Amino acid sequence: MTTHVDNDLLLELKQHQVDAKLHWFELDRRDFLKVLGGGLLVGALVRPVEAQESGRGFGGHELPQELSAWLHISEEGQITVLTGKVEIGQNIRTSLAQQVAEELRVPMESIGMVMGDTKLTPWDAGTFGSRSTPTMAPQLRAAAATARELLLASAAAEWKVQPASLSTNDGKVTNPAGRESLSYGQIAKKLQQVKIVIAQAKLTPTADWKVAGKPAPKVDGRDFVTGKHQYPSDISRPGMLYGKVLRPAGFKATLVSVETSEAEKQAGVKVVRDGEFIGVTAPDAWSAEQAIAVVRAKWDVPEQPSNANLFEYLKSNLDTSRERSEQPVDLDAFKKALSSADAKLEQTYTVEYIAHCPLEPRAAVAEWDGDSLTVWTGTQRPFGVHDELVEAFRMPPDKVRVIMPAMGSGYGGKHSGECAIEAARLAKGAGKPVKVVWTREEELTWAYFRPAGVIEARSGVMRDGRIVAWEFHNYNSGSSGIATPYNIHQLNIQYHPVKSPLRQGSYRGLAATANHFVRESFMDELAHEVKMEPLQFRLKNLTDERLKAVLDAAADKFGWGKEKSTAERGFGIAGGYEKGSYVAACAEVAIDPKTRKVRIVRVAQAFECGAVVNPNGLRNQVEGAVVQGIGGALFEQVKFANGRILNAHFSEYRLPRLSDLPQIDVVLVDRKDLAAAGAGETPIMGIAPAVGNAIFAASGVRLRKLPMAPEGVVGA
Amino acid sequence: MSALTLIVNGTEHRIDAPPEESLLSALRTRLNLTGTKYGCGEGECGACTVLIDGRPVRSCRRKLAEAAGKKITTIEGLEQDGKLHPVQAAFLAQDAFQCGYCTSGMIMFTTGLLNMNPHPSDEQIVSYMSGNLCRCGTYPRIVAAVKQAAQNMRKG
């Protein structure tokens, strides 16, 4: 399992083009101490090794390279976690604090979290791939458990008793025999120690959790209902100007000519030009908008593909240098198995590009202080943006600091640092701090999209429901979740990279959503072909107990099989697993017989991600993923032609609204015996195929495309 | 530029700004009231919702000239003497957010809705609130929060 997950991570990193950290630089601990003061500092390692005692005091000594986080207990007893992970609405500020509190035996309110600050937190690849819970959390737990052991040992030495005879509670070590206690701060003051973790710190078993594993509200929830929380786009600096950037008339455009004099005439406006980068700064946002609007530019936009020929384009523009097969295929054996099947089926599915649409668009505030640069920006990869800035401005890495205040979400769409670079370039030109906030149109045009794809499926099945051969080709959308969980001997599963016509990148769940849509829809087609009940057909080909368990749980909650689909009401089921977690969804759709309008009435979704850390936050994630998944399933589609986006506004890009909300029943399958896996992505994967199968059950229409009903209707 | 008076959360502000500037832009960048959010600039998402004379409006679509002299309430103005407004309290109690970026607009719109209609039906809640986008998909909890807020307000 570990290897599987590690491979997934490598794959994920590859897809984000950050294979590994190229350079490691010594963290300047002086900055750190200015913030934190003395006390006990425990460093967590990416891969725990033998405990390293790094000596007393905060003197200079080498830090190990793969440090992943810090845990600090100040002389006043203030507990601070410093991690490069970031909060984007997935709620890890809360769930990580819960787990640290658990190991330290303190209330979770006493944990301070410093996240995503490249100056203060150790390097981190980024917050994506559902990695915070399975990787960062155990590292932090180990650091916290080690800190607790150190505190206990120190108090035991002081009182000349065995550590095991002492208890820790509420930030104190207590000696029941001597009726004496020492606060964590008092002990930390005495220790003045740095310790790098950790071989065998004894973690609290999940079954014994008292703080973790329980529903916790968002730790700083009050700041969000009062408007106090400062998102990246809310940051303000003394003397700050507002910037706008001139956008080309289309993708891959070249600048023919530009006239900036009218903009320059406006009061307080400065034009900054660097090659084809042209931007303006102004004392207020409104003036900056007016100024950029009067910059006259002519662009040459080359001819480019459009939706009309997208799928032919994807099939005929393979990037063969990147071809990869999931596993070696014995084609002769595959063909033999296929020809032995009682029934054969072959279908092509398509997936359009969709946009992340985080409600907060890209935003950055950049401030230069001499040759040092600080940028506050919304990103899932503060260290990635740091490196982009280093490269863009050819700066020494230690002169760049990126700070990421909890942002208005990302869903995989904010891995890149365009806006940070723009703000920094304008700030350099203007000689003052500059804020750049992208408009919705910019976000829907110049960010990147979830990849479009063509997926071809072919299979052979026996009359008794056994699948004997399975062929699956994914063009462009990606390889995540491409493997089948069903027991099939002869497989030919391949992902074919393509030279994408649009800028594309990660999106919540990556290609697993597309691959699950096709696999689970096609499974439904096969079940229909051999006249088997869809759930029974799946179970017939399945031995994975965890997947069976969520299918059963969803079916049970939904009342699957209790009613038969009619022309106006259809029921569909789908399941799968990815990134160590399991999902199954049942959906009921209603189709209006006159208008053919389709509406999702009810969804029951079961989800299992090992031990549940925060049932409250998890339920929120699962419900939210279902809602977001409805958009990609039914409506969402980036329309484009010749290097231009044709629906770069919310009035034209159809997002799920409250009126689209079905009844959602979530079943959390809590496996206390398993390590906690991440949960931000997999819950989005079941809804599209469940809905597609329900539409088929009602109408007999098999929709082999995402989105399935862009105009909200299903043909007769 | 011209001098305008904005009455925001009970305080009068004299600002020098073009009358065609959006209220959202002025609130955020001239008065540093950043609790009101930009989401789309075309009134489609509701993140910028504020109250003008008690009624919810999209501040991105409202020109300063139209807002000047009227009573404007933003998210920063709901809390009184450290006590959350019942709508804020309901959203907090229901944990009705994920990233929270839509929350200000959701709360302001709900406040405006309940000002106009203290007893909204489920259908009315869905119909009214569908103009406000939550991309994280927290709608089930938002509905629960609106219902709880209505109860909170009736109890006073």
Side-chain angles (χ1 to χ4, degrees), chain A residues 87-91 217-218 221-231 233-234 236 242 267 284-287 289-290 356-361 406-411 435 437 439-441 616-617 620-621 623-631 649-651 655-661 664, chain B residues 1 17-18 20-22 25-26 28-30 32-45 47 74-76 78-79 84-85 87-93 95-104 107 125-143:
Chain A
E87 174 61 50
I88 59 179
Q90 83 285 40
N91 221 17
K218 197 176 182 79
R222 203 175 201 283
D223 291 346
F224 292 85
V225 300
T226 53
K228 281 199 184 71
H229 173 71
Q230 296 260 295
Y231 291 87
S233 56
D234 299 332
S236 185
Y242 294 81
D284 62 273
W286 189 259
S287 302
E289 285 163 33
Q290 308 312 307
H356 306 77
C357 302
L359 207 52
E360 182 184 37
M407 68 179 170
S409 211
Y411 320 112
K435 166 144 69 177
V437 180
T439 62
R440 179 55 52 191
E441 189 177 358
N616 172 51
N620 210 350
Q621 276 296 303
E623 287 173 352
V626 169
V627 172
Q628 193 165 52
I630 289 172
H649 297 270
F650 280 170
S651 53
L655 290 168
R657 291 179 177 273
L658 185 49
S659 47
D660 301 309
L661 178 70
I664 302 175
Chain B
M1 296 281 168
E20 68 275 19
E21 179 170 342
S22 75
S25 175
R28 288 183 53 81
T29 69
R30 298 184 191 274
N32 204 27
L33 291 169
T34 54
T36 308
K37 304 301 182 197
Y38 167 86
C40 68
E42 53 179 353
E44 288 284 332
C45 77
T74 70
I75 187 76
E76 291 91 347
L78 285 189
E79 192 180 348
L84 294 180
H85 184 279
V87 178
Q88 291 174 306
F91 273 75
L92 186 61
D95 224 27
F97 33 70
Q98 288 182 34
C99 80
Y101 194 79
C102 71
T103 306
S104 297
I107 289 175
I125 291 174
V126 168
S127 148
Y128 281 116
M129 300 297 293
S130 284
N132 282 46
L133 279 172
C134 171
R135 182 53 162 161
C136 299
T138 321
Y139 297 130
R141 291 182 180 204
I142 289 166
V143 172

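Proteins come first, then strands; the chains are lettered A, B, ... in the order of their sequence lines, and each starts at number 1. What you are looking at is a predicted structure, and each value in this text was computed from that prediction instead of being measured.
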Rounded to the nearest 0.5 Å, what's the gap from CG on A:Asp223 to OG1 on B:Thr103? Could you check?
-> 11.5 Å

Of the backbone (N, CA, C, O) and the side chain (C-beta and beyond), which part of A:Ile88 lies under 4.5 Å from a heavy atom of chain B, both, or neither?
-> backbone

Best-contacting candidate, A:Gln90, A:Glu289, A:Met407, A:Glu360, against chain B by heavy atom pairs under 4.5 angstrom = A:Glu360

Proximal component of B:Gln88, with respect to chain A [non-hydrogen, under 4.5 Å] | both

Would you say A:Gln628 and B:Arg135 make side-chain contact, with heavy atoms under 4.5 Å?
-> yes

Heavy-atom check, side chain of A:Pro358 versus side chain of B:Tyr101, under 4.5 Å = no

Got a sec, which residues hit ring pair (Phe, Tyr, Trp, His ring centres under 6.0 Å) with B:Phe91, two or more places apart in sequence or on another chain?
-> none

Closest heavy-atom contact between A:Ser659 and B:Val126?
-> CA-CG1, 3.7 Å

Among the listed options A:Leu655, A:Asn91, A:Ile630, A:Val626, the residue most often paired with chain B at heavy-atom distances under 4.5 Å = A:Leu655

Between B:Leu92 and A:Lys218, is any pair of side-chain heavy atoms under 4.5 Å apart?
-> no

Go through the atoms of B:Leu84 and report whether side chain, backbone, both or neither lie under 4.5 Å from a heavy atom of chain A.
-> both

Stepwise side chain to side chain contact (heavy atoms under 4.5 Å, CB included) test for B:Glu44 and A:Arg657 | CA-CA 11 Å; B:Glu44 288 284 332; A:Arg657 291 179 177 273; 3.5 Å; yes

Is any side-chain heavy atom of B:Cys136 less than 4.5 Å from a side-chain heavy atom of A:Tyr411?
-> yes

Chain B shares the most heavy-atom pairs under 4.5 Å, among A:Gln621, A:Glu87, A:His229, with A:Gln621

Name the region of B:Thr29, side chain, backbone, both or neither, that has any atom closer than 4.5 Å to a heavy atom of chain A.
-> both

Side chains of A:Asn616 and B:Asp95: donor-acceptor distance under 3.5 Å anywhere?
-> yes

Is it the backbone or the side chain of B:Asn32 that comes under 4.5 Å from a heavy atom of chain A, or both, or neither?
-> side chain

Look up atom CG in A:Asp660 and atom OH in B:Tyr139, then write down how far apart they are to the nearest 0.5 Å.
-> 7.5 Å

CG of A:Asp284 to OG of B:Ser25, rounded to nearest 0.5 Å, is 6.5 Å

Side-chain heavy-atom pair B:Glu20, A:Gln290 within 4.5 angstrom cut-off = no

Check A:Phe650 against B:Cys40 and note the closest heavy-atom contact, atom names and distance.
-> CD1-CB, 3.5 Å

Max heavy-atom pairs within cutoff under 4.5 Å with chain B, candidates A:Glu441, A:Lys228, A:Arg440, A:Glu623, goes to A:Arg440

dist A:Lys435:NZ -> B:Arg28:CZ (nearest 0.5 Å) comes out at 5.5 Å

Side chain, backbone, both or neither: which part of B:Val143 has a heavy atom under 4.5 Å from chain A?
-> side chain

Here the gap from B:Ser104 atom OG to A:Tyr231 atom OH, rounded to the nearest 0.5 Å, amounts to 7.0 Å

Under 4.5 Å from any heavy atom of chain A - which part of B:Leu133 = both

Side chains of A:Gln230 and B:Thr34, donor plus acceptor under 3.5 Å | yes

So, for B:Cys102 and A:Leu359, which heavy atoms are closest and what is the spacing to 0.1 Å?
-> CB-CD2, 3.4 Å

Does the side chain of A:Ser651 pick up a donor-acceptor pair with the side chain of B:Glu42 at under 3.5 Å?
-> yes

Give a yes or no answer on whether the side chain of B:Tyr38 reaches the backbone of A:Thr439 with a donor-acceptor pair at less than 3.5 Å.
-> no

Enter the distance from A:Asp234:CG to B:Leu33:CG here, rounded to the nearest 0.5 Å.
-> 11.0 Å

Min side-chain heavy-atom separation A:Val225-B:Phe97 under 4.5 Å | yes

Chain A contacts, top residue of B:Gly131, B:Gly35, B:Gly100, B:Cys134 (heavy-atom pairs, under 4.5 Å) | B:Gly100

Tell me, side chain or backbone of B:Ser22 under 4.5 Å from chain A's heavy atoms, or both, or neither?
-> both

